[in-house]
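Numbering of ligands and ligand atoms starts at 1, following listing order.
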Amino acid sequence: MSENSEIKTLNTICREAKAQGKLSGKNLTDLYDLFGQRFTKALEALKENRVKKYVFRPSGRTVWIVVGRERDYLLMPEAEFCTCDDFYFRVLDRKIHLCYHLIAQKIARNLGWYETLEENDELYDTLMSEWKKPTP
Ligand SMILES: [Zn+2]
């Protein structure tokens, strides 16, 4: 499956889910067929409320984070970018296309399944350098 069709299918399902306000049984089956374990992990992150949207004030800059077991992952959904190892090693290798964080973020954004946290702009650089740190 090409990168585009994976993202396209996910976007289509997200649009449907947004219109319905939930993931239907068919959506769940389709997502599992498409992503397998990646979807299982994404769903776990969603159920555990680990998708966070940080809004910095007063600038209004927005950053998406998925809280992981070991560390937090910084996402740039517009660029389909994530700071996790899966992304570096597999996405760049074209073995997989979307890591589970990006899948979770897309679903979260469409269904409102995320927590919004507000931070002061003064903390932006500190938090960004923390989130961008490679896995130890
Ligand atoms: Zn990731």
Side-chain angles (χ1 to χ4, degrees):
M1 181 169 291
S2 78
E3 178 175 7
N4 274 343
S5 64
E6 216 179 56
I7 293 170
K8 240 199 260 171
T9 309
L10 179 60
N11 285 340
T12 306
I13 293 172
C14 281
R15 263 198 307 276
E16 267 180 46
K18 188 179 183 176
Q20 298 161 348
K22 61 170 181 151
L23 287 171
S24 67
K26 185 179 181 304
N27 291 153
L28 292 169
T29 311
D30 288 349
L31 286 165
Y32 189 77
D33 286 347
L34 185 59
F35 297 114
Q37 281 305 306
R38 279 181 285 157
F39 177 60
T40 310
K41 290 173 87 173
L43 200 58
E44 217 174 81
L46 290 164
K47 281 182 179 158
E48 293 168 4
N49 197 23
R50 286 193 274 121
V51 182
K52 314 283 181 194
K53 180 186 178 182
Y54 279 82
V55 182
F56 289 88
R57 300 290 181 203
S59 69
R61 275 183 290 198
T62 299
V63 172
W64 289 87
I65 297 291
V66 174
V67 178
R69 303 265 177 248
E70 313 277 322
R71 52 174 285 229
D72 296 347
Y73 300 100
L74 172 69
L75 311 180
M76 294 172 192
E78 306 315 320
E80 317 286 355
F81 175 84
C82 180
T83 49
C84 71
D85 288 348
D86 263 6
F87 187 85
Y88 278 118
F89 297 122
R90 292 192 236 161
V91 178
L92 296 183
D93 256 4
R94 309 238 164 247
K95 281 184 191 145
I96 62 166
H97 309 297
L98 289 171
C99 62
Y100 86 87
H101 309 105
L102 284 165
I103 300 167
Q105 188 274 341
K106 275 184 193 290
I107 297 170
R109 193 188 55 198
N110 280 283
L111 288 170
W113 291 353
Y114 57 85
E115 185 181 1
T116 304
L117 300 160
E118 295 207 355
E119 288 290 358
N120 196 289
D121 275 329
E122 284 166 24
L123 277 173
Y124 182 82
D125 290 335
T126 315
L127 286 172
M128 284 301 273
S129 65
E130 191 64 33
W131 288 323
K132 280 179 178 170
K133 249 184 228 162
T135 313

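- Residues R61 and E119 are not paired through a salt bridge, judged by the lack of any N-O separation under 4.0 Å between the basic side chain and the carboxylate.
- Scanning all heavy atoms of the two residues, the minimum distance from R38 to L98 falls at NH1-O, 2.8 Å.
- Counting only protein N, O or S atoms, 4 lie closer than 2.8 Å to the Zn ion (ligand 1).
- None of D72, V66, V67, L74 except one satisfies the side chain to side chain contact (heavy atoms under 4.5 Å, CB included) rule with H101; the exception is V66.
- Side chain of N110 to main chain of K18: no donor-acceptor pair is present (N/O by atom type, distance under 3.5 Å, no hydrogens or angles).
- Separating the CG atom in L102 from the CE atom in M76 is a distance of 11.0 Å, to the nearest 0.5 Å.
- Taking the side-chain hydrogen bond (donor to acceptor under 3.5 Å, both in side chains) definition, one finds that K26 meets it with D30, sequence neighbours left out.
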